[in-house]
Chemist: 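Below is one structure. I have some questions about it.
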Amino acid sequence: MDEQMLAREFTAAVRAEPPLGFDPDEVVTRVARRRHRRRAVLLACAGVVVAAAAAVAIPVTRPAADVPPRPAAPPRPAPSAGERWWPPGTGEIAQPTDARISARAPRIAEHLEALLRKMRPPGEPIRRDSLTSAHFGGIMPTSQRGVSITERGGPEATAYSLTVEVFVPTNPVQRFQPQQLCAELKVQISPSTTCRYAAVGAGGILMTSEADTFDREGTLQRGITVTDYRADGSYVLVSLGGTVGVIAPLAMTAEELATVARDPGLTL
């Protein structure tokens, strides 16, 4: 059998097969179209899901009109050597009027008592010893105006004494460094005075001083003072001491006193 005969028989066999009944090229075209439509539908669905996610996220991140925005967290203190000058700027401080200070005094005292009742054990007695708004003298600054409050807490026999003063230096203000103040405290109060400092934000300073001094009955007492020198030129001084003649652990830590000193409600 030669090659020509094989070719003729092969051609005849193929022609004898029944027709396919469809155009292969048309099938390929339809499949391609279906794939294209399916891909388009999937992309459209993905777009709807993204849009829905965005629609859900918007109400969560946008505060409602009738809900006040949450206040920004206060700046965290950073350890410092006490070299920052205070008050910031030129030293000229806006002075509240005497009427303003007198009106604020009872509100500050009420706010302080509410704060202490949250911080101290439930049911602990807290008694106000004094509330004064006046012009005061000091070491640094040497002259200030504001409010001074003294509270006594705990059982009478072992009560602690807490003095909170909210002040504004009088103009003109002599700027100083906390480390300079600590040196003066060592001279004028007690050589045992130790000081720690922290820079707060752009212009504030948190200063903690501790000292051992003898009370009027000759008992050596430990005292802690935390002062929040604020960037606006005002400051809050919180001092803690024990009962005269009684040796007992202090009722509050320096960290708790710092919480009081930095409370935003203690302001003129």
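Position 1 is the first residue of the sequence; numbering continues from there.
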Chemist: What's the separation between atom CD in Glu184 and atom OG1 in Thr193, rounded to the nearest 0.5 Å?
Modeler: 11.5 Å
Chemist: Going through the distances and angles, do Glu113 and Arg128 end up as a salt bridge (charged side-chain N to carboxylate O under 4.0 Å, His left out)?
Modeler: CA-CA 9 Å; Glu113 290 186 7; Arg128 186 183 304 172; 2.9 Å; yes
Chemist: Do Leu237 and Phe176 sit in one hydrophobic cluster, given that two such residues count as connected whenever their side-chain heavy atoms are within less than 4.5 Å of each other, even indirectly?
Modeler: no
Chemist: When you measure from the side chain of Glu110 to the backbone N and O of Ile108, does any donor-acceptor pair fall under 3.5 Å?
Modeler: no
Chemist: For the pair Arg104 (side chain) and Gly146 (backbone), establish whether a donor and an acceptor sit closer than 3.5 Å, ignoring hydrogens and angles.
Modeler: no
Chemist: Could you tell me if the side chain of Glu256 sits less than 4.5 Å from the side chain of Val238, heavy atoms only?
Modeler: no
Chemist: Would you indicate whether Gln174, at its atom CD, is surrounded by more than 12 heavy atoms from other residues, nucleotides or ligands within a distance under 6.0 Å?
Modeler: no
Chemist: With ring centroids as reference points, do Tyr229 and Tyr197 lie under 6.0 angstrom apart?
Modeler: no
Chemist: Set out, in order, the CA-CA distance, both residues' side-chain angles and the distance that settles side chain to side chain contact (heavy atoms under 4.5 Å, CB included) for Leu181 and Met207, then state yes or no.
Modeler: CA-CA 10 Å; Leu181 172 58; Met207 175 175 169; 3.9 Å; yes
Chemist: I'd like to know if the side chain of Thr132 pairs up with that of Ser130 as donor and acceptor (distance under 3.5 Å, no hydrogens or angles considered).
Modeler: no
Chemist: Grab the two heavy atoms, one from Cys195 and one from Ser209, that are nearest each other, plus how far apart they are.
Modeler: SG-CB, 4.0 Å
Chemist: Do Pro169 and Tyr235 touch side chain to side chain, with heavy atoms closer than 4.5 Å?
Modeler: yes
Chemist: State whether the side chain of Glu151 and the backbone N or O of Ile149 hold a donor-acceptor pair below 3.5 Å, judged by distance alone.
Modeler: no
Chemist: Indicate yes or no: does Glu210 engage Arg196 in a salt bridge with an N to O separation below 4.0 Å.
Modeler: yes
Chemist: Mind checking the OG1-CD spacing from Thr170 to Gln95? Nearest 0.5 Å is all I need.
Modeler: 6.5 Å
Chemist: Which pair of heavy atoms, one from Val200 and one from Arg84, lies closest together, and at what distance?
Modeler: O-NH1, 3.5 Å
Chemist: Transitively linked via ILVMFWY side-chain contacts under 4.5 Å: Leu185 with Val226?
Modeler: no
Chemist: Are Ser161 and Leu240 side-chain neighbours, meaning at least one heavy-atom pair lies under 4.5 Å?
Modeler: no
Chemist: Sub-3.5 Å donor-acceptor pair from the side chain of Arg145 to the main-chain atoms of Pro96, do we have one?
Modeler: yes
Chemist: To which residues is Trp85 joined in a hydrophobic cluster, defined by side-chain heavy-atom contacts under 4.5 Å among Ile, Leu, Val, Met, Phe, Trp and Tyr, whether direct or through other members?
Modeler: none
Chemist: Report the residue from Thr227, Asp228, Asp232 that forms a side-chain hydrogen bond (donor to acceptor under 3.5 Å, both in side chains) with Arg230.
Modeler: Asp228
Chemist: Please tell me if the side chains of Ile189 and Thr213 come closer than 4.5 Å, counting only heavy atoms from C-beta onward.
Modeler: yes
Chemist: Do Arg222 and Leu250 pass the side chain to side chain contact (heavy atoms under 4.5 Å, CB included) test, and can you show the C-alpha distance, the side-chain angles, and the key distance before you say yes or no?
Modeler: CA-CA 8 Å; Arg222 186 72 169 177; Leu250 289 174; 4.2 Å; yes
Chemist: Less than 4.5 Å apart, any side-chain heavy atom of Gln221 and any of Asp212?
Modeler: no
Chemist: What is the minimum heavy-atom distance between Ser80 and Ala199, and which atoms define it?
Modeler: CB-N, 3.7 Å
Chemist: Can you tell me if Gln180 uses its side chain to pair, donor with acceptor, with the backbone of Gln177 under 3.5 Å?
Modeler: yes
Chemist: Identify the two heavy atoms, one from Thr243 and one from Glu156, that lie closest to each other, and give their separation to 0.1 Å.
Modeler: OG1-O, 4.5 Å
Chemist: Please check this pair: side chain of Arg120 against backbone of Leu115, looking for a donor-acceptor N/O pair closer than 3.5 Å.
Modeler: no
Chemist: With a 3.5 Å distance limit and no angle check, can you tell me whether Thr142 reaches the backbone of Ile139 through a side-chain donor-acceptor pair?
Modeler: no
Chemist: Might you point out which heavy atoms bring Ile93 and Gly233 nearest each other, and give the distance in Å?
Modeler: CD1-CA, 3.6 Å
Chemist: About how many Å separate CD1 of Ile126 and CE of Met119, when rounded to the nearest 0.5 Å?
Modeler: 10.0 Å
Chemist: For the hydrophobic clusters of this structure (ILVMFWY residues joined by side-chain heavy atoms under 4.5 Å, transitively), does one cluster hold both Leu206 and Val168?
Modeler: yes
Chemist: Is any side-chain heavy atom of Thr163 closer than 4.5 Å to a side-chain heavy atom of Glu165?
Modeler: yes
Chemist: Any side-chain heavy atom of Trp86 within less than 4.5 Å of one from Pro141?
Modeler: yes
Chemist: Can you spot which of Ile101, Leu112, Leu266 makes a side-chain contact (heavy atoms from CB on, under 4.5 Å) with Val166?
Modeler: Leu266
Chemist: Under the ring-ring contact (aromatic ring centres under 6.0 Å, His included) rule, what pairs show up with a residue in residues 94-139, not counting sequence neighbours?
Modeler: Phe136-Phe167
Chemist: I need the minimum non-hydrogen distance between Ala198 and Pro77, along with the two atoms involved.
Modeler: CB-CB, 3.5 Å
Chemist: Under 4.5 Å between side-chain heavy atoms, hopping through other hydrophobics if needed: is there a path connecting Val236 to Leu162?
Modeler: yes
Chemist: Do Ile224 and Leu257 make a side-chain contact, defined as non-hydrogen atoms from C-beta onward lying under 4.5 Å apart?
Modeler: yes
Chemist: Is Asp215 reaching over with its side chain to a backbone N or O of Val244, donor-acceptor style, under 3.5 angstrom?
Modeler: no
Chemist: Applying side chain to side chain contact (heavy atoms under 4.5 Å, CB included) to Ile247 and Thr219, what does each step give before you reach the verdict?
Modeler: CA-CA 7 Å; Ile247 300 177; Thr219 304; 3.4 Å; yes
